[in-house]
Protein chains: 2
Amino acid sequence: MGRKRTQSGEARLTEVAKLAGVSPITASRFFRNPEALSVSKRARVESAAKELGYVPNLAARALASQRSEVIGVMIPSLTNNVFSDVLRGIYDVSQGSRYSIQLVNTRYSILQEEKLLRLFQAQKPAGLIVTGINQTAESRAVMQAMNCPIVQIMEIGPEPVDMMVGFSHYDASVAAISHLLTQGHTRIGFLGARMDPRVQRRFDGYRDAMKAAGLLDQRLIVTTPVPTSVTMGGTLFADLLTRVPDIDAVFCVNDDLALGVLFECERRQISVPESMAIVGFNDLEFMASAVPSLTSVRTNRYEMGRHAVTMVTEAIDDRRPANPVIDLGFELMIRQSSLAKGA
Amino acid sequence: MGRKRTQSGEARLTEVAKLAGVSPITASRFFRNPEALSVSKRARVESAAKELGYVPNLAARALASQRSEVIGVMIPSLTNNVFSDVLRGIYDVSQGSRYSIQLVNTRYSILQEEKLLRLFQAQKPAGLIVTGINQTAESRAVMQAMNCPIVQIMEIGPEPVDMMVGFSHYDASVAAISHLLTQGHTRIGFLGARMDPRVQRRFDGYRDAMKAAGLLDQRLIVTTPVPTSVTMGGTLFADLLTRVPDIDAVFCVNDDLALGVLFECERRQISVPESMAIVGFNDLEFMASAVPSLTSVRTNRYEMGRHAVTMVTEAIDDRRPANPVIDLGFELMIRQSSLAKGA
DNA sequence: ACGAATATTGACAGCGCTACCAATGGATTG
DNA sequence: CAATCCATTGGTAGCGCTGTCAATATTCGT
């Protein structure tokens, strides 16, 4: 009798159409564009689908339409807290829509990103969300050929592949250093880990602000390509103190490092902020409740995730933003750890 | 001329077959089971596929075979750090295999879990990884009907749907309380947030251990259904102190709460561990580097994620574990925060 | 050498749905 | 009233791949 069919109890669109007394293509139209049907047929199809518990076969749909309702999401880390809120925004918006999310981990490797982009290309996603703006030329070419809306997240730059939502890590860093300079700090250390492109941009902001103030000193800079952690913050800070015992503030490229610095100050009985100011980046949840509370650059990660999905789905509906680049900005959350004694 | 076809530049299996001089079904067999081909045809197909840059159309494959190479993963939270390492394990193993991961967020709602299970059922995944053991009867029925390997993660219990990998939250909690009792603590508070089934199990362990020691006192227990956070830890602890000023230790159902308690002790100048012992749960990365270092129950989340995918893929290959339930155990990481003065 | 068993290969049909074009009916306009 | 336009609907074909069955070639055993 031929091929294996869907399991008994699983309704096909043809059965919905038969029960509703319409052709299969009309039933199909109901799900794509209900307004294309007359009111009476719309009701009949809806009722039939509900009665039969119809769930579309997504593979059949994708094959026949040469499209899918999958939005690919590529992030560089699953364990870096920074992406948790972004993902929450992405999933929160997508779970209210017809689109599903296909998440992949590039592990901070641009070659892995390239490879995964090719896999996505073959799957014809409805849209794509990629992290950062430093794709290889090959990756950009693949994306250009993909014929779907693409949103680069986490930062903004001059040449969007398609659309971007993010903020300037450079400006955020300049703002943090400016704040420390305003508070009278002159020996401001820089702690960096992983040194991915966005961390590099934060370094650029640090360097330029310190240079402009005539205070740049290479010995103040400690970085590692190793992934970040709270423990790493303590280690890098200890290294910095050994090298430059007279530092009076430290800018950490993320909050894990900042928390590690705080712990290390406690171990060494260095008074914060009186003897050492601490500034972090991303304003993770614990920064406000630490003792003392920790200053950090707040980044709108959840909103970024939401925007990304919304931009993709609206572009699919031919409702693209007037400006393809959305700058969500940042906010320097000044707390106890970076306020001068008299403040 | 008919339907829109794959874009120019994208090879179809039929083209690979033509170039290799075999039939399409032989070319198809090459990808599924290369040993089914003669050595010479195997080489020809491989060469043709490489030359044409063939990437399979997964929708066509899924439709024709009534199967897919997708493993569904359902977790209750994207922002709870506990799941980050699990996901990393899941993605690390799956990215070395032919399977891709379809991740969904149940938001700690068993009804949402039910709904998402039905969507997965329609997609015929190759396997499924679900969190916890408290599925509704409806959810269990859907899973039973799914005809694919299923792994429940995060905890173990007496009735696996199919397979399980986790540990006993109850036993872990008993071990933590026993340790505090051994250290001489008698007024041991319990801080709980969210109160999902696994947290409930930790509470059960706490209650039973305290009851067995004749020390159970309802006033020592502070819980909230609100999601957990570091700030929440401080709040719940303040609440507990107001209610029972003579507590000498506190068991927190997760490390965020424990860090919040530590900060609150600092604010109130409560000496840790001398006046207040603190124990957390899950042993997140920062626990070891806090000041003082914080005791916590270590759970093998990364390995759990790895095991889950491996169990699914091996079951697909008819290599099921001898025992469908894998207990990864836990380890009480005793650190400064819970050691008596003299230890 | 012959027959049986096994390995290899291909033809046919179709998985569930939708793109595209054509047909029909109803509404509007001249 | 007739012509035109628009909305609604359906028929045909097929998207890319694989399940199934049959045919053919090769290997093994007697």
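All values below come from the heavy atoms of this structure, side chains included, with hydrogens, waters and symmetry mates left out. Naming: A, B, ... by sequence-line order, numbering from 1 per chain.
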When you get a sec, tell me which of [options] is the closest nucleotide to the side chain of [X]?
{"X": "S23(A)", "options": "dC17(D), dG16(D), dG10(D)", "answer": "dG10(D)"}
{"X": "A64(A)", "options": "dT20(D), dC17(C), dG10(D)", "answer": "dC17(C)"}
{"X": "S38(B)", "options": "dC21(D), dC15(C), dT8(C)", "answer": "dT8(C)"}
{"X": "L13(A)", "options": "dC17(D), dC17(C), dT9(D)", "answer": "dC17(C)"}
{"X": "N57(A)", "options": "dG16(D), dG10(C), dG16(C)", "answer": "dG16(C)"}
{"X": "A60(A)", "options": "dC17(C), dC17(D), dA11(C)", "answer": "dC17(C)"}

Which whole-number value in Å describes the distance from [X] [atom1] to [N] [atom2]?
{"X": "I25(A)", "N": "dG10(D)", "atom1": "CD1", "atom2": "C1'", "result": "9 Å"}
{"X": "L58(A)", "N": "dC15(C)", "atom1": "CG", "atom2": "P", "result": "18 Å"}
{"X": "L37(A)", "N": "dA7(D)", "atom1": "CG", "atom2": "P", "result": "14 Å"}
{"X": "F30(B)", "N": "dT9(C)", "atom1": "CZ", "atom2": "P", "result": "12 Å"}
{"X": "E35(B)", "N": "dT6(C)", "atom1": "CD", "atom2": "P", "result": "19 Å"}
{"X": "R67(B)", "N": "dC17(D)", "atom1": "CZ", "atom2": "P", "result": "15 Å"}
{"X": "Q66(A)", "N": "dC20(C)", "atom1": "CD", "atom2": "C1'", "result": "14 Å"}
{"X": "R29(A)", "N": "dG16(C)", "atom1": "CZ", "atom2": "C1'", "result": "17 Å"}

| query | Would you say the side-chain atoms of Q152(B) and Q135(B) include a donor-acceptor pair closer than 3.5 Å? | reply |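 Side-chain D/A pair, Q152(B) to Q135(B): present.
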Distance below 4.0 Å between [X] side-chain N/O and [N] OP1 or OP2:
{"X": "S65(B)", "N": "dC15(C)", "answer": "no"}
{"X": "T26(A)", "N": "dT9(D)", "answer": "no"}
{"X": "K41(B)", "N": "dG10(C)", "answer": "yes"}

| Can you pull the ring-ring contact (aromatic ring centres under 6.0 Å, His included) pairs that have at least one residue in residues 22-54 of chain A, sequence neighbours excluded? |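 Only F31(A)-Y54(A) qualify under ring-ring contact (aromatic ring centres under 6.0 Å, His included).
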| task | Spell out, as yes or no, whether a donor-acceptor pair under 3.5 Å connects the side chain of S47(A) to the backbone of A43(A). | result |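 Side chain of S47(A) to backbone of A43(A), a donor-acceptor pair under 3.5 Å: no, none is there.
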| task | Identify whether any heavy atom of Y54(A) sits under 4.0 Å from a base atom; if not, whether one sits that close to sugar-phosphate; answer base, sugar-phosphate or nothing. | result |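 Sugar-phosphate contact only - Y54(A) comes under 4.0 Å of backbone atoms but never of a base.
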| request: Tell me what F31(A) touches on the nucleic acid: a base, only sugar-phosphate, or nothing, going by heavy atoms under 4.0 Å. | output: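 If one applies the 4.0 Å heavy-atom cut-off, F31(A) turns out to touch nothing in the nucleic acid.
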| Should the heavy atoms of other residues, nucleotides or ligands under 6.0 Å from CD of E159(A) be counted, would the total exceed 12? |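 Count not over threshold, so no.
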| query | Is the shortest distance from a Lys or Arg side-chain nitrogen in E113(A) or R107(A) to a carboxylate oxygen in the other one below 4.0 Å? | reply |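 No, no charged N to carboxylate O under 4.0 Å.
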| request: Hey, which sits more toward the 5' end of DNA chain D by its nearest nucleotide, V22(A) or R61(B)? | output: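 Mapping each residue to its closest nucleotide by heavy atoms, the 5'-most match is V22(A).
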